[in-house]
Protein chains: 2
Amino acid sequence: MDGMTQDISPKDPRPYHHGDLHRAIVEAALDVLSESQSTEFSLRELARRAGVSHNAPYKHFADKRELLAAVSAVGFELLAKRMAEATKELDSPRERLAAMARAYVCGGVNNPALYRLMFGGYLGGQDDGRPAIERTAAYNMKALIVDAISDGALGRPIADVEANTRMFDGAILVFWSQMHGLTLLLADRLVGPSDKMEQLTEAVLQGMLDGLANCIPAIPSGVWVGPPLAE
Amino acid sequence: MDGMTQDISPKDPRPYHHGDLHRAIVEAALDVLSESQSTEFSLRELARRAGVSHNAPYKHFADKRELLAAVSAVGFELLAKRMAEATKELDSPRERLAAMARAYVCGGVNNPALYRLMFGGYLGGQDDGRPAIERTAAYNMKALIVDAISDGALGRPIADVEANTRMFDGAILVFWSQMHGLTLLLADRLVGPSDKMEQLTEAVLQGMLDGLANCIPAIPSGVWVGPPLAE
DNA sequence: TGCTAGAGTAGACAATGTCAACATACGCTC
DNA sequence: GAGCGTATGTTGACATTGTCTACTCTAGCA
């Protein structure tokens, strides 16, 4: 249970009995996923790569699903980090939104399988929630968007107060679904070529931001936008 | 090879030796996929459901991938049919676009696993193209959109001539990626609840169409929007 | 009537996810 | 430092799966 709360970053190395298997397995999974672009690798192959017996991973993950959840969580961390870095030194709130969009699309296109794992509904039925890190990363990303919007990314500043919640959610819904869709169409090669990714993102983005500046759609109450809350 | 070109519609029944196994298997796969919401069913279970030996499906599909491709193709046919029916008796081009969007989102939300199979990049690497029916259905859908836009769905009629190709592609890219993203966010429960699907679609759609009426983004040349051509 | 090719069956094999039983070594308590 | 519990890793087993090869049957054609 606590294995889920540890970071993948190389700080705080704590070599175990035969090394840090939890991290080794997750990293091997990330490697194989990125290489093969498929989640249909075997736990046994990860074990082989890590140089342990085929059952050792089961001391760290209840089943394959849980391992994939950990990989997904790493993906969210990476994405959140990249988005945060992309916006770090930008003053213009609109530029910050654009930079986030670029980072989002780029991340997805560069590793479609990871992106699909993260967002593709393989995990996260109503039975088992997503890992905590994952939700944290998602909330961080959402906060970045909210900041940019409240700073005036849509033409005028919008106070980040509860009365504006539905307006924020409407804007985020449009922004997110547009970028999500573009990312997946590019990643799955339904539009392309992907080396035009940046120009396409830019074109779609600017039109959308202008549209949002003009009119933010009113979304109904009782809607959630973001990782599902405990329900 | 010719097995791929047959329709799933119940016309032209041709009982074989032990029935029409090809169709029976595809229908069983569609059932299991819809019920379990997963592509990780076994060919053997389909064979069991169809009452044949575990190897009989291999007389009709080279491997599981090919079976899934056939299921995906059926999904495209169904979606294209639903979109065509939704727009059939609508005069307003803008209403036709909206109806298509509703049909698209609704189809995805009601059967996420099928939608993911169709669009999720599991099939269609550069090695093996998608089946012909699938591409036909996709082109039909695209034609519907082009018709609506040229009829004035974005405020003014736009001639469907080659000089306007990039404008059409830009508009379709925005429209499609927005709806694609919304569909997947809803299907994967990243926004919700899905019983508010129609209102959310409506809200996002109207804003987007207004935005497009105002300004259609210029997309770079050399971009394809739609199922990848033979490359 | 008899043959041939398509359609279905039977059996086999390696690989996989996962379970249970066993082994080992780290780190705590005394 | 000795002893021990528990986390960690190993071995073996089992049912299931995708897929191969070899077989049987039957429909339709000569």
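The sequence lines fix the lettering, A, B, ..., with proteins before strands; numbering per chain opens at 1.
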Closest contact, heavy atoms only, B:Gly222 versus A:Pro193: O-CD, 3.1 Å
For the student: nearest non-hydrogen atoms of A:His54 and A:Ala47, plus distance: CA-CB, 3.9 Å
Nearest-nucleotide pick for B:His60, side chain only, options being D:dT19, D:dT10, C:dG8: C:dG8
Polar atom pairs (N or O), protein with nucleotides 12-14 of chain D, under 3.5 Å:
from	atom 1	to	atom 2	distance (Å)
D:dG12	O6	A:His54	NE2	3.1
D:dG12	O6	A:Asn55	ND2	2.8

Between C:dG17 (P) and A:Glu45 (CD): distance, integer Å: 10 Å
Length of the line joining B:His22:NE2 and C:dG8:P, which is rounded to integer Å: 12 Å
Residues B:Lys81 and B:Glu85 bridged, charged N to O under 4.0 Å: no
Side-chain ion pair, A:Lys142 and A:Asp169, N-O less than 4.0 Å: yes
Ionic contact status for A:Arg49 with A:Glu35, cut-off 4.0 Å: yes
Rounded distance in Å - OH (B:Tyr58) to P (C:dG11): 18 Å
Heavy-atom side-chain proximity of B:Thr201 to B:Glu198 below 4.5 angstrom: no
Closest-nucleotide 5' rank along DNA chain D - winner of B:Lys59 and B:Asp63: B:Asp63
Minimum-distance nucleotide (side-chain atoms of A:Ser53 versus D:dG18, D:dT11, C:dT18): D:dT11
Side-chain N or O of A:Arg48 closer than 4.0 Å to phosphate OP1/OP2 of C:dT16: yes
Nearest-Å distance for atom pair CD/P, residues B:Glu40 and D:dT16: 17 Å
Minimum-distance nucleotide (side-chain atoms of B:Ser42 versus D:dG18, C:dT18, D:dT8): D:dG18
Atom-pair distance (NZ on B:Lys64; C1' on C:dA15), nearest Å: 14 Å
Spacing between B:Phe41 atom CZ and C:dG17 atom P, to the nearest angstrom: 18 Å
Distance in angstrom units between B:Leu68 CG and D:dT19 P, rounded: 10 Å
Gap between atoms CD and P, on B:Glu66 and D:dG18 respectively (whole Å): 15 Å
Separation of A:Leu185 CG from B:Leu173 CG (nearest 0.5 Å): 7.5 Å
